[in-house]
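Right, one structure below, let's go through it.
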Amino acid sequence: MIDRDFLLSTIRDVPDFPKPGIVFKDITTLLNNAEAFTMLMEHLETRYKAMNLDFVAGIESRGFIFGAALATRLGIGFVLIRKKGKLPYTTVSEKYALEYGVDEIEVHIDAFRGEHKRVLLIDDLIATGGTAEAAAKLIKKLDQELVEACFIISLEFLEGKKRLEKITPVYSVLEIA
Ligand code: AMP
């Protein structure tokens, strides 16, 4: 069973990081708590084991931790969605708006080993939803079936989940109002 209050209590708030006014949700204190990390991964495994997934795709960099752990629990492959310029082979990319300027994420063109694969997208946290929306578009661009987007934490007040729900089902483990 999942104890959401316990999991929330293991996430550390770091005020004014990386800049003034932002409260950074630090999940390193969840990861180094064996009881919390195991409880979370058991919960995700239970949710996704009957969904007949082919791949988990994680967003750099904290999405890699949860995504890779989940993929091995499900016995399926893991795909890396990275910031521009990090992946060595041929990529497809998607731009997205930041508060100031634009950023870009990429995935290897052959990452899903074919088309119409059932993919779960995962990241640690959804804030405005810009990063996840670009990742979802990338998966669709490669003609894959995006089954759901999963986040450990949703910052509900920023309404990223609402934005993303227009293009994919969304699940969050913990909601912060
Ligand atoms: P967004 O595109 O606005 O939904 O931002 C999501 C990405 O930024 C995720 O990869 C998060 O890890 C990171 N992020 C945004 N806001 C926070 C926050 N308050 N605490 C921790 N990570 C954050």
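In each ligand, atom 1 is the first atom listed, and ligand 1 is the first ligand listed. All of these numbers come straight from a predicted model, not from anything done at the bench.
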- With sequence neighbours left out, what residues match F112 under ring pair (Phe, Tyr, Trp, His ring centres under 6.0 Å)? F55
- Item | Under 4.0 Å from ligand 1 - residues by heavy atom, chain and number | V23, F24, K25, R62, D123, D124, L125, I126, A127, T128, G129, G130, T131, L155
- Query: Roughly how far, to the nearest 0.5 Å, is CG of D26 from CZ of R62?
  - Reply: 8.5 Å
- Query: With the threshold set at 4.0 Å, does a side-chain nitrogen-carboxylate oxygen contact exist between R118 and E145?
  - Reply: yes
- With sequence neighbours left out, the residues meeting ring pair (Phe, Tyr, Trp, His ring centres under 6.0 Å) with F6 are none
- Item | Under the ring pair (Phe, Tyr, Trp, His ring centres under 6.0 Å) test, residues paired with F66 that sit two or more places apart | none
- Query: With a 4.0 Å cut-off, would you call K25 and D13 a salt bridge?
  - Reply: yes
